[in-house]
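Have a look at the structure below before the remarks.
Along the sequence shown, residues carry numbers from 1.
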Amino acid sequence: QVQLRESGGGSVQAGGSLRLSCTLSKATIGIPATEYSMGWFRQPPGKEREGVAAISSSGSTSYADSAKGRFTISKDNAKNTLYLQMNNLQPEDTAMYYCAADVVVLVDAPTYGYQGWGQGTQVTVSS
C-alpha cells in the first residue's frame, strides 16, 4: 500500500500561481520509492477526474494539453516528494487535485487503480 499526502492548495486570483506538493510516505514492500512513477490528476466540480501531468521514475514528463506551457511537474527523489508548479492559473483550473503513484502512471488514465492515491488538495481560482 502506497501512502501519499498532498499539500499546497488554496485560493488565488486568475493569473496567480500555486505549487502543490505530494509526499510519498510509504511504499510497497520491495519497490524503492525512487522506482515509482507519479502523476497529478484533478476533478473539477461536477466533472470527471482528468489527467494533468505525470513523471516517470527516470524523469520523463507528460502533460495534458490544458497544462502545457503553464504547469511544471517535478520530483525530488531525496525527499520522496512530487511537485506541480502551476502558473497563470485560470478559473477553469478550479478542482480537487490528487497525486497518484505506481510503477507506471499515465496522464491519459485518470481513473486507473494506481497503487496509491492522495486525499486531494483543493485549488480555487477566482476571476
Side-chain angles (χ1 to χ4, degrees):
Q1 184 72 25
V2 177
Q3 295 184 357
L4 303 168
R5 173 166 290 185
E6 303 98 334
S7 62
S11 297
V12 297
Q13 292 189 330
S17 298
L18 283 173
R19 188 177 81 155
L20 305 183
S21 300
C22 171
T23 299
L24 192 157
S25 59
K26 182 179 178 182
T28 299
I29 295 175
I31 303 178
T34 54
E35 291 298 313
Y36 282 96
S37 294
M38 300 182 75
W40 288 101
F41 300 87
R42 67 187 184 185
Q43 187 163 15
K47 297 184 179 180
E48 296 183 349
R49 186 179 297 175
E50 60 189 29
V52 178
I55 185 167
S56 70
S57 59
S58 64
S60 296
T61 59
S62 58
Y63 294 90
D65 288 343
S66 61
K68 290 178 181 177
R70 299 187 301 130
F71 296 180
T72 302
I73 189 171
S74 61
K75 189 170 62 164
D76 185 334
N77 287 330
K79 297 181 179 179
N80 290 338
T81 299
L82 176 74
Y83 300 100
L84 183 69
Q85 177 66 43
M86 304 186 293
N87 297 327
N88 191 22
L89 284 161
Q90 299 299 315
E92 53 266 34
D93 296 314
T94 295
M96 184 70 79
Y97 283 71
Y98 300 90
C99 64
D102 207 324
V103 176
V104 177
V105 173
L106 301 175
V107 70
D108 294 333
T111 60
Y112 185 75
Y114 297 115
Q115 290 190 37
W117 282 96
Q119 82 288 351
T121 186
Q122 178 67 40
V123 171
T124 302
V125 185
S126 58
S127 58

### Flag, side chain of Gln90 to backbone of Ala14, donor-acceptor distance under 3.5 Å
no
### Query
What distance separates Leu4 CG from Ser25 OG, expressed to the nearest 0.5 Å?
7.0 Å
## Note on the structure
For Ala95 and Arg42 the tightest heavy-atom approach is CB-CB, 3.8 Å
### Approximate separation, where rounding is to 0.5 Å, of Leu89 CG and Ser11 OG
11.0 Å
### Task
For the residue pair Ser56 and Ser58, confirm or rule out a side-chain donor-acceptor distance under 3.5 Å.
yes
### Message
Measuring only between side-chain heavy atoms, which start at C-beta, is Val123 closer than 4.5 Å to Leu20?
### Response
yes
### Message
Once rounded to the nearest 0.5 Å, what's the spacing between atom CD of Gln119 and atom CD of Gln3?
### Response
11.0 Å
### Query
So do the side chains of Arg70 and Met86 get within less than 4.5 Å of each other, counting heavy atoms only?
no
### Query
With a 4.5 Å heavy-atom cut-off, do Ser21 and Lys79 have their side chains touching?
no
### Query
Should Val12 and Tyr83 be regarded as members of a common hydrophobic cluster, given that ILVMFWY residues are connected when their side-chain heavy atoms come within less than 4.5 Å of each other, either directly or indirectly?
no
### Smallest separation among heavy atoms of Pro45 and Thr94, with atom names
CD-O, 3.6 Å
### Query
Which heavy-atom pair separates Cys22 from Met38 by the least distance, and what is that distance?
SG-CE, 4.0 Å
### Message
For Val103, is there any backbone N or O sitting under 3.5 Å from a side-chain donor or acceptor partner on Glu35?
### Response
no
### Query
For the residue pair Tyr114 and Val105, what are the closest heavy atoms and their distance?
CE2-CA, 3.7 Å
### Message
Among Thr23, Thr121, Leu82, exactly one meets side chain to side chain contact (heavy atoms under 4.5 Å, CB included) together with Glu6. Which residue is that?
### Response
Thr121
### Query
What is the minimum heavy-atom distance between Trp40 and Ile73, and which atoms define it?
CD1-CD1, 3.7 Å
### Query
Would you say Leu84 and Phe71 make side-chain contact, with heavy atoms under 4.5 Å?
yes
### Message
Counting only heavy atoms not in Arg49 (residues, nucleotides, ligands), do more than 12 fall under 6.0 Å from its CZ?
### Response
yes
### Summary
Note: Tyr36 and Lys75 closest approach over all heavy atoms is O-NZ, 2.9 Å
### Query
Is the closest side-chain heavy-atom distance between Leu106 and Tyr112 below 4.5 Å?
no
### Message
Please determine whether residues Tyr63 and Phe41 belong to a single hydrophobic cluster, defined as Ile, Leu, Val, Met, Phe, Trp and Tyr linked transitively by side-chain heavy-atom distances below 4.5 Å.
### Response
yes
### Query
Do the side chains of Ser17 and Gln85 get nearer than 4.5 Å, heavy atoms only?
yes
#### Entry: Between CD on residue Glu50 and OG1 on residue Thr111, distance to nearest 0.5 Å
12.5 Å
### Query
Would a distance-only check, ignoring hydrogens and angles, find a side-chain to backbone donor-acceptor pair under 3.5 Å from Asp76 to Thr81?
no
